[in-house]
Asks: 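Below is one structure. I have some questions about it.
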Amino acid sequence: MAVDLLLGLQWGDEGKGKIVDVLTSKYDIIARFQGGPNAGHTLVFNGRKHVLHTIPSGIFHDDTVNLVGNGVVIDPVIFKKELDKLDEQDVNYKKSLLISRKAHIILPTHRLLDAASETAKGKAKIGSTLKGIGPTYMDKTGRNGIRVGDIELVDWKNKYRTLADKHQAMIDFYNVDIQYDLDELEAEFFSAIETLKSLKFIDSEEYVHQAQASEKSILAEGAQGSLLDIDFGTYPFVTSSNTTAAGACTGLGVAPNQIGKVYGIFKAYTTRVGSGPFPTELFDKDGETMGRVGHEFGATTGRPRRCGWLDLVALRYACQVNGVTELIMMKGDVLSGFKTLKVCTAYKYKGEEITHLPYNIEEQNITPIYTEIKGWDADLTGMTEASQLPEALNGYVEFLEKELNIPITVVSVGPDRKQTIHRK
Ligand code: GDP
Ligand code: IMO
Ligand code: MG
């Protein structure tokens with residue numbers, strides 16, 4: 001059976017966690033395929049909020065297998081904290097949470113290297129979540145990384161020491177003021193490794209292959225968003241993995257011709273956390289309103305998210321790169337009360353009007369060209385049926401469908417599982 005994908009189409013935080021949780025009842029397996037604890041996926045149900053970083057968002061469903069794929073990078077310390085939270089809520093994950101032996105491990109020194117690199121960059125910093133993501137993927141592609149399968153071997157600590165010593169020399173080389181106590185960090189790390197070892201490690205590509213052969217349904221859960229993709233995002237202000245559809249193939253071992261539906265998820269406006277270009281960013285009252293009403297603070301770092309109008313040039317690009325087959329629009333409720341909404345449909349670039357995403361989208365190169373659309377006043381948060389949605393919101397959705405030529409099948413009107421409207 002084909003593997004379906006759910007991918008963020010903007011700069012992350014589109015609401016992937018919520019929608020994966022909503023869709024989980026349709027799937028046997030939920031699989032993360034890239035990223036790591038830089039992700040913060042929020043789920044709200046039964047009056048409670050849960051934030052997951054590495055664990056797939058299907059974990060609260062008893063009958064679902066949750067797989068952490070080979071493309072993911074795992075910080076055992078953060079992973080243990082996530083497990084502790086699940087324990088507090090009596091979530092039974094021992095049998096249902098599987099980890100790929102080929103996933104790479106984030107060492108304490110990877111986190112320190114991330115901090116040293118960002119400090120050394122000064123004003124040019126990426127705005128990393130400082131979870132060690134970049135340095136861990138660098139060691140992966142540099143063929144120096146430590147994988148989950150390694151910690152089952154007797155001599156892995158020698159490999160660890162060699163790598164951690166090399167990292168320390170690199171941190172010294174940066175010559176920046178980073179305070180740390182490595183003994184303390186390592187004690188915490190090795191204790192968390194023991195917790196990790198109590199889980200089930202598998203040869204995940206074989207597992208996925210067998211699951212497909214026995215007609216099990218699989219949903220691959222993306223982290224971050226297309227504009228943070230290492231190849232197709234706003235480089236260098238990106239993360240260090242392929243967040244787009246191709247990343248699901250390499251991050252799980254799924255062949256391209258085995259991909260089924262591609263759900264593309266986007267906010268009804270745009271947000272970004274961290275540095276980097278953002279053509280439709282607002283610095284006025286409207287941007288402030290989006291941030292306040294949408295509670296736009298990072299689920300991992302708590303940093304305020306930058307807010308702006310929807311950018312259809314960027315969204316179209318993301319749909320193309322991913323082969324999106326269905327769109328899901330989040331946070332429609334946040335736009336209630338705006339008299340007029342703006343949607344960027346083209347860019348003025350070097351004096352010319354263009355509708356594709358060019359190499360340089362920095363402020364000095366791009367002026368967004370907006371189409372104005374009538375807003376709506378109604379509070380959407382109590383609505384459950386498509387028939388209740390205001391006419392102006394339907395107008396907004398239909399405008400986007402026409403521009404992107406892809407159906408919007410779900411409109412989300414609040415953070416709760418129940419605040420989800422299926423359109424067709
Ligand atoms: P993810 O990283 O893509 O899973 O998204 P995050 O969890 O980082 O950020 C999405 C935020 O929006 C979370 O606080 C969600 O609870 C919240 N959220 C999700 N969908 C909606 C919605 O339709 N309306 C509102 N108001 N909030 C939402
Ligand atoms: P989810 O899965 C939003 C951003 C960081 C920074 C850049 C690089 O919750 O949507 P990194 O820590 O990867 O080196 O940071 O990417 N970033 C995210 N922004 N949502 C995320 O994940 C993000 N993961 C990383 O803010 O700009
Ligand atoms: Mg998030």
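Just follow the structure's listing: the first ligand is 1, and inside any ligand the first atom is 1. Computed from a prediction, not measured in an experiment: that's the story for all the values here. Heavy atoms only: backbone and side chains are in, while hydrogens, waters and symmetry mates are out.
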Asks: Among all the protein's non-hydrogen atoms, which is closest to atom 9 (O) of ligand 1, and how far away is it?
Replies: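 I find the closest protein heavy atom is R305 NH2, 3.5 Å.
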Asks: Any atoms of ligand 1 less than 4.0 Å from a non-hydrogen atom of K18? List them with their elements.
Replies: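 Those qualifying, in numeric order: 20 (N).
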Asks: When rounded to the nearest 0.5 angstrom, what is the spacing between CG in L389 and OH in Y396?
Replies: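 Answer rounded to 0.5 Å: 14.0 Å.
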Asks: Rounded at 0.5 Å granularity, tell me how far OG1 in T109 sits from CG in D165.
Replies: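 Reported value, rounded in 0.5 Å steps: 9.0 Å.
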Asks: If you count the atoms of ligand 1 from 1 in the order shown, which ones are under 4.0 Å from a heavy atom of M330?
Replies: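 Listed by number with element, the hits are 20 (N).
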Asks: Give the numbers and elements of all ligand 1 atoms closer than 4.0 Å to a heavy atom of H41.
Replies: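 Taking each heavy atom of H41 in turn, ligand 1 has 1 (P), 2 (O), 4 (O), 7 (O) under 4.0 Å.
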Asks: Is it the case that atom CD in E391 sees more than 12 heavy atoms from other parts of the structure closer than 6.0 Å?
Replies: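 Count not over threshold, so no.
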Asks: More than 12 heavy atoms of other residues, nucleotides or ligands under 6.0 Å from CG of D63: is that the case?
Replies: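 Open.
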Asks: Which of the numbered atoms in ligand 1 are under 4.0 angstrom from any heavy atom belonging to S412?
Replies: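 Checking each atom against S412, I get 20 (N), 21 (C), 22 (C), 23 (O).
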Asks: With a distance cut-off below 6.0 Å to the six-membered ring centre and an angular limit of 45° from the axis, does R417 pair with F45 as a cation-pi contact?
Replies: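 The answer is yes; both the distance and angle limits are met.
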Asks: Can you tell which part of D333 has a heavy atom less than 4.0 Å from ligand 1: side chain, backbone, both or neither?
Replies: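 Side chain only.
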Asks: Taking non-hydrogen atoms within less than 4.0 Å of ligand 2, which protein residues qualify?
Replies: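 Contacts of ligand 2 under 4.0 Å: W11, G12, D13, K16, N38, A39, G40, H41, I126, G127, S128, T129, A223, Q224, L228, V238, T239, V273, G274, R303.
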Asks: L9 and side chain to side chain contact (heavy atoms under 4.5 Å, CB included): which partner among I328, I265, V324?
Replies: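 With L9 as partner, side chain to side chain contact (heavy atoms under 4.5 Å, CB included) holds for just one option, V324.
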Asks: Going by atom types alone, do N365 and Y347 pair a side-chain donor with an acceptor below 3.5 Å?
Replies: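 On atom types as modelled, these side chains do not qualify, holding no pair under 3.5 Å.
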Asks: What distance separates F266 CZ from Q10 CD, expressed to the nearest 0.5 Å?
Replies: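 Spacing of CZ (F266) from CD (Q10) equals 7.5 Å.
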Asks: Give me the protein N, O or S atoms that fall under 2.8 Å of the Mg ion (ligand 3), sorted by chain and residue number.
Replies: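 Counting only protein N, O or S atoms under 2.8 Å from the Mg ion (ligand 3), the list reads D13 OD1, G40 O.
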Asks: So do the side chains of K26 and L23 get within less than 4.5 Å of each other, counting heavy atoms only?
Replies: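 They are in contact (side-chain heavy atoms under 4.5 Å apart), so the answer is yes.
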Asks: State the atoms of ligand 1, each with its element, that fall below the 4.0 Å cut-off from a heavy-atom position in V334.
Replies: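 Counting from 1, the qualifying ligand atoms are 26 (N).
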Asks: Under 6.0 Å from the CD atom of E363, do we count more than 12 heavy atoms belonging to anything else shown?
Replies: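 Not buried by this count: 12 neighbours or fewer within 6.0 Å.
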Asks: Going by side chain to side chain donor-acceptor pair (under 3.5 Å), D13 matches just one of Q224, R305, K267. Which one?
Replies: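 The single option meeting the side chain to side chain donor-acceptor pair (under 3.5 Å) with D13 is R305.
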Asks: Do G414 and ligand 1 have an N or O pair less than 3.5 Å apart?
Replies: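 Between G414 and ligand 1 (N or O atoms, distance only) the closest approach is under 3.5 Å.
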Asks: Main chain of T270, side chain of R306: is a donor-acceptor contact present, judged purely on distance under 3.5 Å?
Replies: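 Flag not set: sc R306 to bb T270 has no pair under 3.5 Å.
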Asks: Show me the pairs that pass salt bridge (charged side-chain N to carboxylate O under 4.0 Å, His left out) and involve residues 166-192, at least two apart or across chains.
Replies: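 The answer is R161-E186.
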Asks: Could you name the option among G17, G8, S57 that has the heavy atom nearest to atom 4 (O) of ligand 1?
Replies: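 Closest candidate by heavy-atom distance is G17.
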Asks: Could you check atom 10 (C) of ligand 1 against the protein and tell me its nearest heavy-atom contact, residue, atom and distance included?
Replies: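 In this structure, atom 10 (C) of ligand 1 has D13 O, 3.6 Å as its nearest protein heavy atom.
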Asks: If we only consider heavy atoms of M329, is any one of them less than 4.0 Å away from an atom in ligand 1?
Replies: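 False for this residue.
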Asks: Between Q224 and ligand 1, find which residue part has any heavy-atom pair under 4.0 Å and reply side chain, backbone, both or neither.
Replies: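 The answer is neither.
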Asks: Is G40 in contact with ligand 1, taking contact as a heavy-atom separation below 4.0 Å?
Replies: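 Under 4.0 Å: yes for G40.
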Asks: Using heavy-atom distances, let me know which of K16, K267, E296 sits nearest atom 3 (O) of ligand 1.
Replies: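 Going through K16, K267, E296 one by one, K16 has the nearest heavy atom to atom 3 (O) of ligand 1.
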Asks: Salt-bridge test for E401 and R423: reply yes if a basic N is under 4.0 Å from a carboxylate O, no otherwise.
Replies: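 Looking at E401 and R423, the cut-off is met.
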Asks: Counting only heavy atoms not in K216 (residues, nucleotides, ligands), do more than 12 fall under 6.0 Å from its NZ?
Replies: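 Check fails, neighbour count at 12 or below.
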Asks: Among all the protein's non-hydrogen atoms, which is closest to atom 7 (O) of ligand 1, and how far away is it?
Replies: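 For atom 7 (O) of ligand 1, the nearest protein heavy atom comes out as T42 OG1, 2.5 Å.
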Asks: Tell me which part of V413 gets within contact of ligand 1: side chain, backbone, both or neither, using heavy atoms under 4.0 Å.
Replies: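 Backbone only.
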Asks: Measure the distance from atom 27 (N) of ligand 1 to every protein heavy atom, then report the residue, atom name and distance (to 0.1 Å) of the closest one.
Replies: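 The closest heavy atom on the protein side is K331 CE, 3.2 Å.
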Asks: Specify the closest pair of heavy atoms between E362 and P277, including all atoms of both residues, with the distance to one decimal.
Replies: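 The pair with the smallest heavy-atom distance is CA-CB, 4.0 Å.
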Asks: Side-chain donor-acceptor pairs under 3.5 Å in residues 72-81, sequence neighbours left out?
Replies:
residue, atom, partner, partner atom, Å
D75, OD1, V77, N, 2.9
D75, OD2, R111, NE, 3.0
K80, NZ, D84, OD2, 3.3

Asks: Once rounded to the nearest 0.5 Å, what's the spacing between atom CG of L43 and atom CZ of F60?
Replies: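 Reported value, rounded in 0.5 Å steps: 6.0 Å.
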